[in-house]
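Below: one structure, written as structure tokens.
In what follows, residues are counted from 1 in the order of the sequence shown.
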Amino acid sequence: QVQLVEHGGGLVQAGGSLRLSCAASGRTFSSYGMGWFRQAPGKERVFVAAINWSGSSTSHADSVKGRFTISRDNAKNTVYLRMNSLKPEDTAVYYCAAKLWAPSPAVVADEYAYWGQGTQVTVSS
């Protein structure tokens, strides 16, 4: 089993920044596609960003383009989500996810087999 652990959530004022990280277990992280999803209170879980196994290709939801950036460091078995210019509507629990076949970034939650526990991001107005 692959274990994913998120860090970096917290409370931030609108316009501020946070960087989330997700550390994965195992020795084959470089073969995993990774994604970030979020779920706001009373809302469905939605796609935020994804990155392919090499880091050469990324995808970001329209709602976060230009503000959020996904990246990965395969030497550290870690994927990151840099969040800038945060808005109150970004408030959600953020989840990282992994899939074992991802030559291209995957944007559909059902494609991911492994999920972290989530980390709360709260943006105050």
Side-chain angles (χ1 to χ4, degrees):
Q1 295 292 318
V2 176
Q3 295 187 41
L4 305 173
V5 181
E6 298 102 333
H7 295 94
L11 175 65
V12 64
Q13 293 185 5
S17 298
L18 287 172
R19 188 180 73 164
L20 307 183
S21 64
C22 176
S25 65
R27 297 182 177 92
T28 58
F29 179 77
S30 62
S31 69
Y32 302 166
M34 301 295 296
W36 287 97
F37 296 77
R38 68 187 183 188
Q39 187 168 19
K43 302 286 188 177
E44 299 294 321
R45 186 174 299 186
V46 299
F47 168 74
V48 176
I51 190 165
N52 74 335
W53 59 29
S54 70
S56 63
S57 183
T58 63
S59 181
H60 297 80
D62 288 344
S63 60
V64 305
K65 283 182 179 177
R67 300 189 298 120
F68 292 10
T69 304
I70 190 171
S71 62
R72 67 190 298 158
D73 185 342
N74 287 347
K76 297 182 178 180
N77 285 7
T78 301
V79 64
Y80 302 95
L81 185 69
R82 165 58 68 180
M83 304 184 294
N84 295 324
S85 301
L86 282 161
K87 305 174 180 179
E89 51 262 45
D90 295 318
T91 295
V93 176
Y94 284 71
Y95 299 89
C96 70
K99 66 191 300 284
L100 300 182
W101 176 252
S104 300
V107 303
V108 179
D110 287 349
E111 296 185 21
Y112 291 86
Y114 305 100
W115 293 82
Q117 81 287 352
T119 185
Q120 177 71 49
V121 172
T122 302
V123 184
S124 62
S125 61

- Message: Measuring only between side-chain heavy atoms, which start at C-beta, is Arg19 closer than 4.5 Å to Leu81?
- Response: no
- Cluster check Val64, Tyr95: I/L/V/M/F/W/Y, side chain < 4.5 angstrom: no
- Message: Just to verify, what does Ala23 make a side-chain contact (heavy atoms from CB on, under 4.5 Å) with, not counting sequence neighbours?
- Response: Thr78
- Item | Pairing residues for Phe47 by the ring-ring contact (aromatic ring centres under 6.0 Å, His included) criterion, not counting sequence neighbours | Phe37
- Query: Is there any salt bridge (charged side-chain N to carboxylate O under 4.0 Å, His left out) pair reaching into residues 97-124, and which pairs are they, with sequence neighbours excluded?
  - Reply: none
- Task: List the steps, then state whether side chain to side chain contact (heavy atoms under 4.5 Å, CB included) holds for Val93 with Thr119.
- Result: CA-CA 5 Å; Val93 176; Thr119 185; over 6 Å; no
- Task: Find out if a path of hydrophobic residues (ILVMFWY) with successive side-chain heavy-atom gaps under 4.5 Å connects Tyr112 to Val48.
- Result: no
- Residues forming a side chain to side chain donor-acceptor pair (under 3.5 Å) with Ser17, sequence neighbours excluded: Asn84
- Task: Go through the structure and list residues passing side chain to side chain donor-acceptor pair (under 3.5 Å) with Lys65, not counting sequence neighbours.
- Result: Asp62
- Query: Same hydrophobic cluster for Tyr114 and Met34, using side-chain heavy-atom links shorter than 4.5 Å among ILVMFWY?
  - Reply: yes
- Item | Residue list, side chain to side chain donor-acceptor pair (under 3.5 Å) with Arg67, at least two apart or on another chain | Asp90
- Task: Show your working on side chain to side chain contact (heavy atoms under 4.5 Å, CB included) between Val79 and Trp36 and close with a plain yes or no.
- Result: CA-CA 9 Å; Val79 64; Trp36 287 97; 4.0 Å; yes
- Across all chains, not counting sequence neighbours, the side chain to side chain donor-acceptor pair (under 3.5 Å) partners of Asn74 are Arg72
- Going by the salt bridge (charged side-chain N to carboxylate O under 4.0 Å, His left out) test, which pairs reach into residues 43-58, not counting sequence neighbours? none
- Message: Applying side-chain contact (heavy atoms from CB on, under 4.5 Å), can you list everything that pairs with Ser56, at least two apart in sequence or on another chain?
- Response: Asn52, Ser54
Distance-only criterion, 3.5 Å: show the donor-acceptor pairs between side-chain atoms of residues 3-13 and protein atoms not counting sequence neighbours.
unit_1, atom_1, unit_2, atom_2, d
Glu6, OE1, Gln117, N, 3.0
Glu6, OE1, Gln117, NE2, 3.3
Glu6, OE1, Gly118, N, 2.9
Glu6, OE2, Cys96, N, 2.8
Glu6, OE2, Gly118, N, 3.2

- Could you tell me which non-hydrogen atom of Ala14 sits nearest to which non-hydrogen atom of Pro88, and how far apart they are? CB-CD, 4.1 Å
- Message: Do Val108 and Trp115 sit in one hydrophobic cluster, given that two such residues count as connected whenever their side-chain heavy atoms are within less than 4.5 Å of each other, even indirectly?
- Response: yes
- Distance (rounded to the nearest 0.5 Å) between Asp73 CG and Ser21 OG: 11.0 Å
- Message: Listing request: all ring pair (Phe, Tyr, Trp, His ring centres under 6.0 Å) pairs with a residue in residues 50-80, at least two apart in sequence or in separate chains.
- Response: Trp53-Trp101
- Going by side-chain heavy atoms closer than 4.5 Å, which hydrophobic residues are tied to Val46, directly or by a chain of links? none
- State, yes or no, whether a side-chain contact exists between Val121 and Leu20 at a heavy-atom distance under 4.5 Å. yes
- Which distance, rounded to the nearest 0.5 Å, do you find between the OG of Ser57 and the CD1 of Ile51? 8.5 Å
- Message: Counting C-beta onward and ignoring hydrogens, is there a side-chain heavy-atom pair between Gln120 and Thr91 closer than 4.5 Å?
- Response: yes
